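Just so you know, these numbers use all the heavy atoms, side chains as well, and skip hydrogens, waters and symmetry mates. Being a predicted model, the structure only gives us computed values, none of them experimental. Per chain, numbering begins at 1; letters A, B, ... match sequence-line order.
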Protein chains: 2
Amino acid sequence: MDPKQLLKEHIAKTAKLSENEFDDFFECFTAKSYKKGAYIITAGERIDCEYFVVSGCIKTFYVNDNQKMFVLQFAMPSCWASDYSALYSGTRATISIGCITDTELLCLSNNARESACRKFHQVEHFFRTRMTGEYVASQKRLLSTMNNDVKYRYEELITLFPELYNMVPKRLIAAYLGVSRETLYRLNNT
Amino acid sequence: MDPKQLLKEHIAKTAKLSENEFDDFFECFTAKSYKKGAYIITAGERIDCEYFVVSGCIKTFYVNDNQKMFVLQFAMPSCWASDYSALYSGTRATISIGCITDTELLCLSNNARESACRKFHQVEHFFRTRMTGEYVASQKRLLSTMNNDVKYRYEELITLFPELYNMVPKRLIAAYLGVSRETLYRLNNT
DNA sequence: CAAAAGATGTGATCTGCATCACACAATTTA
DNA sequence: TAAATTGTGTGATGCAGATCACATCTTTTG
């Protein structure tokens, strides 16, 4: 799908921008494409952008001192991703973003977002609504992690995003659920 | 401290409102006080407000089908709390809010927030910034939960909020960390 | 297309935390 | 201030999930 059209429809769900305003806002974005396996953000780097996924699938993840990986998010088309902590505080990234499939993105720099928010009240409204939604989703996931066992959360995840079942290696789904791949495998027999 | 002054200084950190604008915005809030042990929101109710803590300490929590409690947040002065999922989607609350100590609050209804956001670009900016911060904090907590053992997370919590150590029963701290009170107790001997 | 790299099955063993049970201390409330 | 409620200390026991080890099977790449 056309990146501009996808973004337009995505934003239209929460904000009312005129044609001209949207065109102006869209100027802030840069299109990029990546091959499967490529890194978009590497932990330790300075970063400047957040990303809107146009096609493909990416993962946002943290790797701890023992090389154990935790997946924070699988981002499909119309999702956003970045290390927001690093982006807003200007510190180095502590999480990485990598491509699970070939991927097309629209990049928006921190400065460009902030000036678009200043220029267009509706852009600021869009990002407020978006962040509120992310916060709510994150709280829900935290609660589910504390409250439900792995099997339940696995089924919950696959129900919510059935595409993941075939698109993403089980290893990464385990890393999203915070369990070992062996444990995830054994759920089937239980 | 004077509620109005506390809110004013809190908001001034992220948004620029003139005296008149702030006065106008402040009209949206209603002051309330509660006794220790009182409920501010009870799961199952319809809700209409978010709350800014002026004095005291409150807890946001979820109780599952087995009566097990999970604490999502301890809110101290200058913190905000609500069931944002219910508030934004208009559904019934799934979490409750209760007072750990006597508490003074400023209540802001969903409608009042939304119209203030429409009226004042800077108010929308304030809430965008606030929600971004909440999202980042929530992601950090999720990661820490998956990555670190209970002892580490307990120390992390007490370092971040030393007041909690004496103000809040250990039972509730355990419910925040997602472990049993027995386990929390045994950490001291390890 | 052959070799290397990555993903998935499967067993054996170890461990952190839950759960149950009960004693005692501290704080509310009548 | 006595009784009731709520919080904390401590042992015994059980289980979900981690870790290690190794055997396929599948996909990528030279």
Side-chain angles (χ1 to χ4, degrees), chain A residues 34-39 56-57 59 61 63-71 74 98-103 143-158 164-190, chain B residues 34-39 56-57 59 61-71 74 96 98-103 143-158 164-190:
Chain A
Y34 293 84
K35 288 284 166 198
K36 178 174 178 175
Y39 278 67
C57 178
K59 62 175 190 286
F61 62 101
V63 179
N64 75 7
D65 300 341
N66 305 319
Q67 305 307 313
K68 190 165 165 180
M69 174 192 287
F70 299 92
V71 173
F74 295 112
C99 298
I100 294 177
T101 65
D102 291 358
T103 299
L143 249 190
S144 186
T145 301
M146 295 203 290
N147 191 20
N148 302 120
D149 65 19
V150 184
K151 181 160 195 172
Y152 183 93
R153 285 156 48 218
Y154 181 41
E155 284 160 5
E156 184 179 55
L157 179 70
I158 296 302
L164 291 179
Y165 189 80
N166 290 312
M167 187 183 294
V168 173
K170 301 285 169 289
R171 201 191 100 238
L172 291 182
I173 293 184
Y176 178 93
L177 297 171
V179 296
S180 67
R181 56 163 206 91
E182 293 94 329
T183 296
L184 186 69
Y185 163 71
R186 286 187 241 270
L187 295 181
N188 302 318
N189 318 328
T190 315
Chain B
Y34 293 84
K35 287 284 165 198
K36 178 175 178 175
Y39 278 66
C57 179
K59 60 175 191 287
F61 63 100
Y62 172 78
V63 179
N64 76 5
D65 300 341
N66 305 321
Q67 305 308 313
K68 189 164 165 181
M69 174 193 286
F70 298 93
V71 172
F74 295 112
S96 306
C99 297
I100 295 177
T101 64
D102 291 358
T103 299
L143 249 190
S144 186
T145 301
M146 295 203 290
N147 192 19
N148 302 119
D149 65 19
V150 184
K151 181 158 195 172
Y152 182 92
R153 285 157 48 219
Y154 181 41
E155 284 159 5
E156 184 178 55
L157 179 69
I158 296 302
L164 292 179
Y165 190 82
N166 290 312
M167 188 182 295
V168 174
K170 302 284 170 288
R171 201 191 101 238
L172 292 181
I173 293 183
Y176 178 94
L177 297 171
V179 295
S180 67
R181 58 162 204 91
E182 293 94 330
T183 296
L184 185 69
Y185 162 69
R186 287 186 241 269
L187 295 180
N188 303 317
N189 317 329
T190 316

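Between the P atom of D:dG17 and the CG atom of A:Leu187 lies a distance of 7 Å, rounded to the nearest Å. Nucleotide C:dT28 holds its P atom 11 Å from the CG atom of B:Asp102, rounded to whole Å. One can place CE of A:Met69 at 12 Å from P of C:dG6, the figure rounded to the nearest angstrom. Summarising the geometry, the separation between CD1 on A:Ile173 and P on C:dA7 is reported as 12 Å, rounded to the nearest angstrom. Distance, B:Leu184 CG to D:dG7 P: 14 Å, rounded to whole Å. Remark: P of D:dT27 and CD1 of A:Ile100 are 17 Å apart, rounded to the nearest angstrom. A straight line from CZ of A:Arg171 to P of C:dA7 spans 4 Å, rounded to a whole angstrom. Atom pair A:Lys35:NZ and D:dT28:P shows a separation of 12 Å (rounding to whole Å applied).
Regarding contacts with the backbone of D:dT28, a side-chain N or O of A:Lys36 is found under 4.0 angstrom from either OP1 or OP2. Applying the 4.0 Å criterion to OP1 and OP2 of C:dG9, one finds that A:Lys170 has every side-chain N and O outside that range. Proximity of A:Thr183 to the phosphate of D:dA18: a side-chain N or O atom is located under 4.0 Å from OP1 or OP2. Using a 4.0 Å cut-off, some side-chain N or O of A:Ser180 falls inside it from OP1 or OP2 of D:dA18.
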Fill in: side chain to side chain contact (heavy atoms under 4.5 Å, CB included) assessment of A:Arg153 paired with A:Val150
CA-CA 5 Å; A:Arg153 285 156 48 218; A:Val150 184; 4.2 Å; yes
Item to complete: Could you please spell out the steps behind the salt bridge (Lys or Arg N to Asp or Glu O under 4.0 Å) verdict for A:Lys35 and A:Asp102?
Response: CA-CA 4 Å; A:Lys35 288 284 166 198; A:Asp102 291 358; 3.7 Å; yes
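For B:Pro169, counting side-chain heavy atoms from C-beta on, the closest listed nucleotide (D:dG7, C:dA18, C:dT8) is D:dG7.
With A:Thr101 contributing its side chain and A:Cys57 its backbone, the two residues share a donor-acceptor pair below 3.5 Å.
No donor-acceptor contact under 3.5 Å links the side chain of B:Glu182 to the base of C:dC17. Judged by atom type and distance alone, A:Arg186 reaches the base of D:dT19 through a side-chain donor-acceptor pair under 3.5 Å.
Residues B:Arg181 and A:Lys68 each lie close to DNA chain D; by heavy-atom proximity, the contact nearer the 5' end of the strand is made by B:Arg181.
By the 4.5 Å heavy-atom criterion applied to side chains, B:Val63 and B:Gln67 are counted as neighbours.
Among the atoms of the strands shown, none is found under 4.0 Å from any heavy atom of A:Gly37.
Note: B:Phe74 and B:Tyr176 have parallel aromatic rings, judged against thresholds of 30 and 60 degrees for the angle between ring planes.
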